[in-house]
Amino acid sequence: MRSEEKKHKMKNLQTIVLSNQEISPGYFRMRILAPGYKGTAHPGQFVMFRVRRSLPPLLRRPFGIFQIGSLPADCEGMPEKEFIELIYKVVGSGTEVMRELHHGDRIELLGPLGRGFEIDDVAGDKILVGGGIGLVPLYMLADSLADRSRTRLLIGGRSREDIITVTEFERLGVTSHVTTEDGSLGEEGLITRILERKLDKYPKAKVYSCGPMPMLRAVEAICSARKVALQVSLEALMACGVGACLGCVVKGREHSEQNPDYLCTCRQGPVFHSHELDWDRLEKSAEQGKSS
Amino acid sequence: MRSEEKKHKMKNLQTIVLSNQEISPGYFRMRILAPGYKGTAHPGQFVMFRVRRSLPPLLRRPFGIFQIGSLPADCEGMPEKEFIELIYKVVGSGTEVMRELHHGDRIELLGPLGRGFEIDDVAGDKILVGGGIGLVPLYMLADSLADRSRTRLLIGGRSREDIITVTEFERLGVTSHVTTEDGSLGEEGLITRILERKLDKYPKAKVYSCGPMPMLRAVEAICSARKVALQVSLEALMACGVGACLGCVVKGREHSEQNPDYLCTCRQGPVFHSHELDWDRLEKSAEQGKSS
Amino acid sequence: MKPNLATLPKPRLAVEFAGLKLKNPLMPASGTFGYGQEFAPYLDLNQLGAIVTKGLSLNPKAGNPTPRIAETVSGMLNAIGLQNVGVDAFIREKMPFLEQFDSPVIVNFFGNTQEEYGEVAARLNDVPGVAALEMNISCPNVKHGGIVFGTDPKAAFDVITMVRKRLSKPLIVKLTPNVTDIRITAKAAEDAGADAISLINTLTGMSVDVRTRKPRIANVIGGLSGPGIRPVAVRMTHQVVQTVKIPVIGIGGIMRAEDALEFLIVGARAVQVGTANFVDPNALQTILTDLESFCVEQGVEDINDLIGTLEL
Amino acid sequence: MKPNLATLPKPRLAVEFAGLKLKNPLMPASGTFGYGQEFAPYLDLNQLGAIVTKGLSLNPKAGNPTPRIAETVSGMLNAIGLQNVGVDAFIREKMPFLEQFDSPVIVNFFGNTQEEYGEVAARLNDVPGVAALEMNISCPNVKHGGIVFGTDPKAAFDVITMVRKRLSKPLIVKLTPNVTDIRITAKAAEDAGADAISLINTLTGMSVDVRTRKPRIANVIGGLSGPGIRPVAVRMTHQVVQTVKIPVIGIGGIMRAEDALEFLIVGARAVQVGTANFVDPNALQTILTDLESFCVEQGVEDINDLIGTLEL
Ligand SMILES: Cc1cc2nc3c(=O)[nH]c(=O)nc-3n(C[C@H](O)[C@H](O)[C@H](O)COP(=O)(O)OP(=O)(O)OC[C@H]3O[C@@H](n4cnc5c(N)ncnc54)[C@H](O)[C@@H]3O)c2cc1C
Ligand SMILES: Cc1cc2nc3c(=O)[nH]c(=O)nc-3n(C[C@H](O)[C@H](O)[C@H](O)COP(=O)(O)OP(=O)(O)OC[C@H]3O[C@@H](n4cnc5c(N)ncnc54)[C@H](O)[C@@H]3O)c2cc1C
Ligand SMILES: Cc1cc2nc3c(=O)[nH]c(=O)nc-3n(C[C@H](O)[C@H](O)[C@H](O)COP(=O)(O)O)c2cc1C
Ligand SMILES: Cc1cc2nc3c(=O)[nH]c(=O)nc-3n(C[C@H](O)[C@H](O)[C@H](O)COP(=O)(O)O)c2cc1C
Ligand code: FES
Ligand code: FES
């Protein structure tokens with residue numbers, strides 16, 4: 001079941017930050033008051049985040065929803081305070097501004113947006129493969145699965161600072177496996193090695209992945225060689241988040257100059273079945289977009 | 001004695017806001033940590049104020065220095081905390097951003113800038129005429145005078161909300177006279193009526209004035225008719241504050257197309273002897289600059 | 001004391017030009033509002049002065065490789081490459097949706113040859129529900145060394161003349177700002193039979209990632225839009241209003257009602273809002289509300305009383 | 001792990017072009033740095049690659065009425081009207097100050113006729129301490145209906161040729177961006193004997209106060225500068241570098257070291273910093289320090305190894 005577009009008019013939510021904390025060097029967790037998200041947002045969906053009107057950056061920035069929750073109401077008779085949490089890495093001008101936000105600061109949210117993960121059997125074997133900050137959308141996914149003892153989280157990063165919130169996954173009953181490139185936490189090496197090991201053991205498992213393009217590319221190679229179902233959550237530069245600017249497109253499997261088959265990451269994605277995408281051309285254009 | 005240009009390299013001061021409070025509807029008083037101002041800034045000088053790097057507005061905004069002071073050091077052995085205070089009225093995009101600043105927010109100050117008031121006899125009769133926010137530079141002036149029992153502050157505004165900090169002047173020993181256009185505080189009417197009355201009584205008094213251009217124009221007419229010495233502090237749109245952009249010019253008495261005699265408000269001013277200026281052409285161009 | 005805005009009569013915002021009746025002078029700019037449908041969840045399309053579609057070509061167009069967009073200081077560069085479904089698919093698949101609304105539909109189109117321009121216009125001419133066409137002349141003329149039609153007054157005149165012959169609906173010509181004297185192209189458009197002029201399209205710009213040393217968009221050069229370019233757009237709108245007799249639509253960096261007012265005051269009959277739709281899909285709605293408040297506050301009973309009232 | 005920047009050798013920042021030796025590629029843009037003196041309290045003029053003066057004319061010029069400046073979104077409009085003390089007063093009163101520094105002094109100048117241009121150049125030609133002239137061709141030609149020299153390639157060629165005849169010092173020609181194809185003016189300047197090209201001057205723009213309905217600057221139209229225009233400046237610099245053989249100086253919206261690097265990477269030999277000096281009189285100093293750090297961090301030992309390294 002995929003998230004359906006809502007029929008009523010969606011509004012840009014003008015709201016406030018509840019908290020914003022550095023959870024690991026360069027990684028922040030922000031809790032935002034977000035009435036209306038609970039029960040409507042699906043695992044893998046995202047929001048377009050904007051700091052207060054008139055402040056740069058001009059364009060909103062896309063962030064996956066890490067978790068949705070609620071706090072008791074301030075006083076009796078009032079509704080409980082629903083919130084969402086984002087986890088973000090400071091990488092540029094927008095996230096630099098975000099890191100300075102405090103409790104009570106006004107911000108704007110558009111969302112929940114996009115297509116989330118499709119889950120046809122909530123109880124089967126599942127392998128979630130996250131790279132660094134790519135673990136964000138996997139938490140709600142894990143939380144929505146029925147039999148979490150059959151869910152494995154494989155999470156890789158450059159160094160121990162890049163491995164975040166694993167204990168929270170474990171609290172869901174998920175087994176986790178960590179690798180770091182420098183060996184400072186978990187096994188030394190790439191997470192794809194663990195993926196192969198796990199697929200040897202659970203060859204019918206479904207794989208869900210989010211992370212940097214080289215990792216996704218490797219995950220796709222492994223899964224397609226084994227004919228294992230894979231869904232990936234992609235990142236792309238986005239201006240609008242609603243399918244209007246065509247800035248975030250990726251090439252679909254059937255794409256050609258004559259018969260363009262572009263898919264909007266913001267609308268047809270960010271989660272795709274791996275067979276929907278043209279993997280050969282995906283990697284190249286995605287790398288052009290990233291600075292070192 | 002006029003403020004001299006300092007010989008050592010002046011730096012853009014990167015500092016923090018100590019407090020920022022609304023003292024009357026739309027009027028704010030901001031205290032800023034400002035080591036180096038005490039003893040160097042002269043009455044009538046100003047600063048160019050900038051909110052943190054990368055935030056709009058792009059250009060700095062000029063504000064008169066209301067007062068300079070110091071707080072005891074945080075701990076023994078540390079230097080005392082020198083500060084300056086600004087008082088500003090929220091009128092547009094820049095002051096809208098300023099009103100949101102809190103204790104601890106980072107800002108930048110350039111200054112003290114410009115030529116302040118010239119005071120050749122600290123003890124004679126003095127009449128200070130302020131219109132609304134134009135009272136700001138007069139406080140340090142009053143404070144620097146020797147015999148404040150011979151100093152009168154005349155302050156006019158549209159309504160009672162526009163009359164600020166009068167009690168602080170009175171604490172200096174200055175006698176104050178207030179008028180408002182709607183009669184909500186002090187006498188109803190314009191401050192220039194009081195000025196005429198006072199000059200009848202103290203015909204040798206020196207006059208110092210700051211406020212909106214129509215008021216300055218009227219003050220000038222009164223003083224020139226009576227051959228009374230007048231210094232005025234002008235406002236102008238400023239980009240640089242250091243005499244480089246030539247955006248803030250006013251026409252000097254001798255100005256002509258062939259022999260341009262433009263004066264920079266930021267450098268030759270903001271305080272001018274009234275006889276330095278071309279009053280006929282001053283009013284017209286100044287009004288073009290102001291929106292309603 | 002401020003008047004109580006709520007009790008005052010609502011200002012009239014309707015404007016008319018080139019045979020079009022608009023409920024208000026606000027519409028989206030082409031390419032920033034998809035085919036309308038993308039924004040239907042966010043605002044009531046019936047509240048818009050008009051709906052302006054993404055630019056259409058004779059055949060579907062794939063557009064440029066990614067990255068296609070980059071944020072700049074108070075602006076953005078785009079090189080989408082005019083990706084679109086093609087005129088026939090548009091008529092078949094998108095028009096039925098747009099026809100539901102009573103706001104006039106203005107269809108933006110382009111070509112790479114005179115013939116393509118003419119052919120697209122002819123196909124749209126008979127489509128019910130299309131109120132007017134907006135012709136984007138910021139496209140390279142592949143038969144003449146790729147020189148952009150809109151930067152060569154003669155080529156602009158010729159291609160507009162050709163389109164005019166095949167079109168009976170109102171024709172709005174959208175000018176490129178990348179010229180020495182915008183008045184010359186505006187005059188050429190008027191002479192060739194345009195019913196209205198809209199301007200500006202994007203300024204060409206470029207941005208470099210200084211760490212990778214690569215252009216930040218794959219196409220190297222892109223179009224700059226957003227609030228940073230507004231002064232250029234207001235200047236050109238002012239110049240064109242002073243030059244031609246046909247109505248002018250102002251575009252460029254409108255984020256707020258006050259920005260739209262700059263264009264109206266210099267004499268634009270209507271305005272288009274582009275990049276602002278990306279920043280906030282409710283932008284047009286907010287601008288409309290604020291425009292109304294501004295009129296009430298300033299005692300403007302009819303927005304037409306405000307158009308062209310620049311005091312020089 | 002990041003290398004300890006302090007212990008690494010300092011990168012070489014010196015650049016050479018048109019016979020000029022600069023300690024580093026950074027200089028102020030004309031009209032934003034006065035005659036140098038205004039900034040002496042804030043930075044060490046000896047640290048600049050060069051000092052560029054306010055534009056000079058044959059006779060003193062009064063400039064425009066006020067208001068002359070207005071802030072726009074990420075930019076500013078100015079219509080100072082080229083107020084200056086005139087070339088003779090400059091030589092007499094301002095040069096003695098500037099001669100104290102070992103940074104080359106580049107004198108910007110302009111005229112309203114070919115003859116005025118030629119005469120100012122001739123008077124500056126013999127002044128010791130003047131390292132080069134920068135010729136601003138964004139001025140109206142009063143003998144030809146006020147068309148700006150720099151927007152007419154023929155007029156530009158003629159006036160540059162005339163100046164070239166009367167000048168033996170290096171000649172930098174500064175281009176206006178308000179043209180359809182900047183490559184054509186650049187080529188005309190090269191053909192007429194310019195030793196280098198600098199670009200861009202301001203984009204013409206306008207802004208309206210929507211409450212008074214008056215233009216926000218008295219001259220109605222002004223020049224737009226600041227970070228918002230940088231993409232246009234980078235694009236034009238890229239185009240000109242690809243077109244001419246003479247060296248190019250990049251200008252437009254440089255606020256930080258990374259902005260300067262965009263121009264250097266596309267191939268500018270040096271850059272000028274304008275509006276940023278208003279925002280912060282220490283701007284050039286900060287940019288210099290950050291440029292050095294960037295080179296160290298990126299392993300660039302000589303800034304010349306970075307110039308023109310755009311990867312296409
Ligand atoms: C659907 C989606 C979900 C995302 N979820 C998260 C998340 O949960 N946590 C998180 O930290 N980040 C997430 N991202 C990436 C995040 O959007 C970018 O890191 C952010 O926009 C960078 O903004 P900036 O202004 O700080 O950087 P910029 O100054 O804009 O750019 C800095 C670097 O980040 C890259 N970048 C910029 N925008 C994007 C983008 N939209 N996608 C990918 N890379 C980008 C640039 O290419 C550049 O290399 C997500 C992106 C998408 C598309
Ligand atoms: C030497 C000097 C000292 C000043 N001291 C004070 C002071 O102590 N307290 C105070 O509240 N204000 C003072 N001002 C005025 C203050 O600089 C402006 O109110 C402020 O810059 C407005 O910024 P803004 O972005 O909020 O308004 P904007 O959006 O820039 O403009 C709003 C309105 O303010 C006018 N304005 C903008 N800049 C100036 C300016 N530099 N001078 C005059 N009017 C301007 C505009 O014309 C417009 O009508 C002083 C100005 C000068 C030149
Ligand atoms: C992503 C994007 C796509 C655009 N596509 C088109 C188009 O297809 N046809 C067209 O005439 N203009 C197109 N434009 C130009 C806009 O319609 C508008 O003229 C320009 O963006 C300036 O307005 P703004 O500053 O409000 O965005 C596009 C602009 C953007 C940003
Ligand atoms: C207030 C002001 C005055 C200027 N005066 C001159 C001038 O006298 N001669 C000239 O060639 N350019 C002049 N310029 C243009 C600048 O030198 C520069 O080309 C332009 O501002 C773009 O650079 P920036 O965005 O870094 O400011 C002036 C610019 C400003 C803002
Ligand atoms: S972000 Fe605009 S179409 Fe996807
Ligand atoms: S503010 Fe720039 S010269 Fe006075």
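Order of the sequence lines fixes the chain letters, A, B, ..., with proteins taken first and strands second; residue numbering starts at 1 for each chain. Everything numeric here is computed off the predicted structure, so don't read it as measured data. Excluded from the calculations below are hydrogen atoms, water molecules and symmetry mates; all remaining heavy atoms, backbone and side chain alike, are included.
In this structure, chain D has a heavy atom under 4.5 Å from the side chain of C:T72, while its backbone stays farther away. Both the backbone and the side chain of D:L261 have a heavy atom closer than 4.5 Å to some heavy atom of chain C. In this structure, no portion of C:F263 lies under 4.5 Å from any heavy atom of chain D. Using a 4.5 Å cut-off between heavy atoms, C:L310 contacts chain D through both its backbone and its side chain. For C:L77, the part lying near chain D is the side chain, with the backbone staying farther off; criterion is any non-hydrogen pair under 4.5 Å.
Distance check, rounded to the nearest 0.5 Å: CD of C:E258 to CG of D:D209 gives 8.5 Å. Rounded to the nearest 0.5 angstrom, D:D259 CG and C:S207 OG are separated by 9.0 Å.
Side chains of D:R235 and C:N178 form a contact here, defined as non-hydrogen atoms less than 4.5 Å apart. Taking 4.5 Å as the limit, some side-chain heavy atom of D:L306 sits within range of a side-chain heavy atom of C:R213.
Of all the heavy atoms in D:G228 and C:L224, the pair that sits closest is O-CD2, 3.9 Å. Smallest separation of non-hydrogen atoms from D:T180 and C:T151: CG2-CB, 3.5 Å.
Looking only at heavy-atom pairs under 4.5 Å with chain C, the residue among D:V148, D:T204, D:V266 that has the most is D:T204. Note: D:V232 leads D:L264, D:L203, D:V232 in heavy-atom pairs under 4.5 Å with chain C. The candidate with the highest count of non-hydrogen atom pairs below 4.5 Å against chain C, out of D:V220, D:D181, D:T309, D:T176, is D:T309.
One finds a salt bridge joining D:E297 and C:R211 here, because a Lys/Arg side-chain nitrogen approaches an Asp/Glu carboxylate oxygen to under 4.0 Å.
Atom CD of D:Q242 has more than 12 heavy atoms from other residues, nucleotides or ligands within 6.0 Å. Heavy-atom neighbours of D:I221 CD1 from other residues, nucleotides or ligands within 6.0 Å: above the threshold of 12.
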Review point. Which is it for C:V73 and D:M255 under the side-chain contact (heavy atoms from CB on, under 4.5 Å) test, yes or no, and what are the steps along the way?
Key: CA-CA 11 Å; C:V73 179; D:M255 310 300 286; over 6 Å; no
